[in-house]
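Some notes on the structure that comes next.
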Amino acid sequence: MTSVGIDAIEIHTGKLKLDLAETFAPEMGDDPEKYTKGLGLHASSFPDAYEDIVTMGANAAHRLLERKGLEPADVGRIDVATESAFDNSKPVSTYIAGCLEQVYDGDFHHANKGERKFACIAGTQSLDDAVNWILAGRNRGRGALVIATDTALYARDSSGEATQGAGAVAMWITEDPDIVELSTEQGYGSADETDFLKPNQQFPSVDGKRSMQVYLARMRESLQDFERATGASHPDDYAFIPFHTPFPGMVRKAAVLGYRHMIRGTDIEEELAADIGRQPRRERFDSDDAFEDAISEYVDGLTDTDAYREWYDAAIQPTLSISSQVGNWYTGSVHLARFSALKHAAENGIDLAGKRLLVASYGSGAQAEIHSETVQDGFTEAVAASTIDEQIEQRYDISFAEYEQVHDRHNHEKSVELEPFTQPDAEFVFDGWGPMNERKYTYVE
Ligand SMILES: CC(C)(COP(=O)(O)OP(=O)(O)OC[C@H]1O[C@@H](n2cnc3c(N)ncnc32)[C@H](O)[C@@H]1OP(=O)(O)O)[C@@H](O)C(=O)NCCC(=O)NCCSC(=O)CC(=O)O
């Protein structure tokens with residue numbers, strides 16, 4: 001069967017940085033370790049005054065096309081995933097195509113453009129659409145540009161303010177890809193939930209604690225569904241497990257439950273039995289509550305074992321490095337997690353070619369999806385070309401007063417002017433409003 005997957009990835013972070021421990025925590029009256037240790041977050045990225053979901057997506061896509069030497073004629077689809085759209089009709093992909101047409105001779109009139117919405121999982125769904133389009137043989141030799149772009153802002157003085165972020169991930173989907181090939185097997189866990197939603201409002205209504213439970217429940221269902229297609233999973237099957245990462249602390253909770261599930265009935269469970277016993281089995285308990293208590297106790301013990309720690313440090317921790325510096329990018333978040341892991345492997349000489357990743361996406365409302373990916377020979381070179389470290393390093397570090405202005409600037413209900421903190425350089429910028437209330441963009445040399 002044709003090998004289809006991700007051939008190139010480019011990332012654009014919002015150019016401003018809010019330091020959560022140094023700048024945000026003191027203003028909130030919080031211990032900085034709530035952020036760095038509890039949530040696992042050091043900083044959030046924010047868009048500067050001239051940035052938004054279109055500029056971030058277009059700049060990531062432009063760098064990708066340039067690096068791969070691609071022209072508009074090579075692109076058969078532009079799929080944008082976002083939950084920060086500002087238009088209920090005209091998709092963000094048309095704005096991004098309009099930006100790119102300013103800098104290329106050709107146009108994208110032949111390219112199918114769309115916008116996917118299902119909270120954070122829409123990025124993975126767009127990837128899926130692109131892969132299926134190629135597998136169906138409808139691409140006529142063209143590739144698909146998939147762009148996940150979001151500005152994750154929460155209402156001021158809400159608890160979600162701790163987990164904000166902004167940026168875009170552009171992915172190039174082709175046959176015989178350089179980075180990863182996607183499995184055809186997938187598992188889903190999907191239910192009508194009200195954990196996090198934005199009913200015609202910019203900032204989410206979110207029940208943070210409940211959203212954590214919904215995340216874990218849907219992840220469990222999707223892993224079970226995946227295993228119906230593939231058979232039981234074992235921790236040794238996967239080099240890394242990139243999760244959707246609203247904040248790294250969420251992944252910590254999901255990882256230990258996934259590990260418990262995967263070791264049940266295996267050699268690892270047997271080896272750990274002397275220390276922490278075997279996993280509680282439901283049939284041995286009189287009530288659900290008693291069973292749940294026993295599971296909690298087992299999971300607490302499991303978290304402290306060397307076997308678990310070593311697995312977590314090798315398969316999970318490397319997926320969190322970018323997220324911990326930039327916060328939640330919603331649709332882009334799981335794709336940052338995959339990229340962090342590949343970057344870690346490339347930088348540490350880990351030979352991943354032929355090894356597999358288990359990619360666990362999630363979107364509130366709520367759905368989880370799990371599939372596997374096989375890393376390709378060209379991954380090291382593809383990942384080494386990224387400028388994400390420099391971008392993170394070069395962000396302008398905002399004060400709390402500046403943060404308040406930036407939040408207002410990007411609040412759709414306020415029209416606040418703001419002097420940029422950074423200087424645009426060879427990139428697309430927001431350039432005001434057109435006569436039909438459309439946003440306008442220019443390329444700054
Ligand atoms: C994550 C939050 C619930 C955190 O809420 P709170 O502000 O109440 O924080 P909290 O008190 O629970 O503390 C957070 C963690 O830090 C720990 N903690 C607190 N103080 C600490 C200290 N001094 N040292 C070490 N750890 C500390 C707590 O025990 C807890 O970990 P522990 O919990 O281990 O005890 C909130 O920020 C939030 O609602 N964020 C938005 C979440 C969201 O977007 N959900 C949707 C996900 S899907 C998504 O991305 C959206 C989509 O799909 O579209």
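We're numbering straight along the sequence, starting at 1. All ligand and atom numbering here is 1-based and tracks the order in the structure.
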Looking at Tyr95, does the NZ or CZ of Lys90 lie under 6.0 angstrom from its six-membered ring centre and within 45 degrees of the ring axis?
yes
What atoms of ligand 1 come within less than 4.0 Å of a heavy atom belonging to Thr163?
37 (O), 40 (N), 41 (C)
Within reach of ligand 1, part of Tyr215 (heavy-atom separation under 4.0 Å):
neither
Go through the side-chain N and O atoms of His261 and Glu227 and say whether any donor and acceptor fall under 3.5 Å apart.
yes
Of all the atoms in ligand 1, which lie at a distance below 4.0 Å from a heavy atom belonging to Phe196?
44 (O), 46 (C), 51 (C), 52 (C), 54 (O)
No-hydrogen, no-angle side-chain donor-acceptor test under 3.5 Å, Thr387 and Gln391
yes
Closer than 4.0 angstrom, basic N to acidic O: yes or no for Asp79 and Arg116?
no
Of the choices Gln164, Lys198, Lys209, Lys253, which has the non-hydrogen atom that lies closest to atom 35 (O) of ligand 1?
Lys253
Looking only at side chains, do Asp150 and Thr331 share a donor and an acceptor under 3.5 Å apart?
yes
Heavy atom of Arg252, distance to ligand 1 below 4.0 Å:
no
Just heavy atoms, cut-off under 4.0 Å: does Met250 contact ligand 1 by side chain, backbone, both, or neither?
neither
Partner of Tyr362 under ring pair (Phe, Tyr, Trp, His ring centres under 6.0 Å), chosen from Phe243, Tyr215, Tyr330
Tyr215
Glu427 with Lys15: basic N within carboxylate O range, under 4.0 Å:
yes
Quick one: nearest non-hydrogen protein atom to atom 37 (O) of ligand 1, plus distance?
Ser159 O, 2.8 Å
Can we say Glu83 and Lys198 salt-bridge, meaning some charged N sits less than 4.0 Å from an Asp/Glu carboxylate O?
yes
Closest approach of any protein heavy atom to atom 48 (S) of ligand 1, naming residue and atom:
Ser364 OG, 3.3 Å
Quick check on contacts: which atoms of ligand 1 are under 4.0 angstrom from a heavy atom of Tyr362?
48 (S)
Whether the Tyr403 and Gln164 side chains hold a donor-acceptor pair (N or O, under 3.5 Å, no angle test) is what I'd like checked.
yes
Indicate the ring-plane relationship of Trp433 and Phe430, choosing parallel, tilted or perpendicular according to the 30° and 60° boundaries.
perpendicular
If the cut-off is 4.0 Å to any non-hydrogen atom of Gly363, which atoms of ligand 1 fall inside it?
53 (O)
Verify the distance criterion only: is there a donor paired with an acceptor across the side chains of Gln186 and Asp128 at less than 3.5 Å?
yes
Selected option - heavy-atom contact closest to atom 26 (N) of ligand 1, from Ser361, Gly38, Pro32, Ser333:
Gly38
Decide whether an N or O pair under 3.5 Å exists between Lys34 and ligand 1.
yes
Atom 38 (C) of ligand 1 [closest protein heavy-atom partner, distance rounded to 0.1 Å]
Gly160 CA, 3.8 Å
Which of the numbered atoms in ligand 1 are under 4.0 angstrom from any heavy atom belonging to Glu83?
52 (C), 54 (O)
Top protein contact for atom 44 (O) of ligand 1, by heavy-atom distance:
Tyr154 OH, 2.6 Å
What atoms in ligand 1 come closer than 4.0 Å to a heavy atom of Asp31?
23 (N)
Atom indices of ligand 1 within 4.0 angstrom of Pro246 heavy atoms, with elements
47 (C), 50 (O)
Is it the side chain, the backbone, both or neither of Cys120 that has a heavy atom closer than 4.0 Å to ligand 1?
both
Residue-level breakdown please: for Asn328 versus ligand 1, do any non-hydrogen atoms fall below 4.0 Å on the side chain, on the backbone, on both, or on neither?
side chain
Check ion pair Arg282-Asp288 (N to O, under 4.0 angstrom)
yes
Give the atom numbers and elements of ligand 1 that come within less than 4.0 Å of a heavy atom of Phe247.
1 (C)
Considering only heavy atoms, which of Leu39, Thr36, Asp30 lies nearest to atom 4 (C) of ligand 1?
Leu39
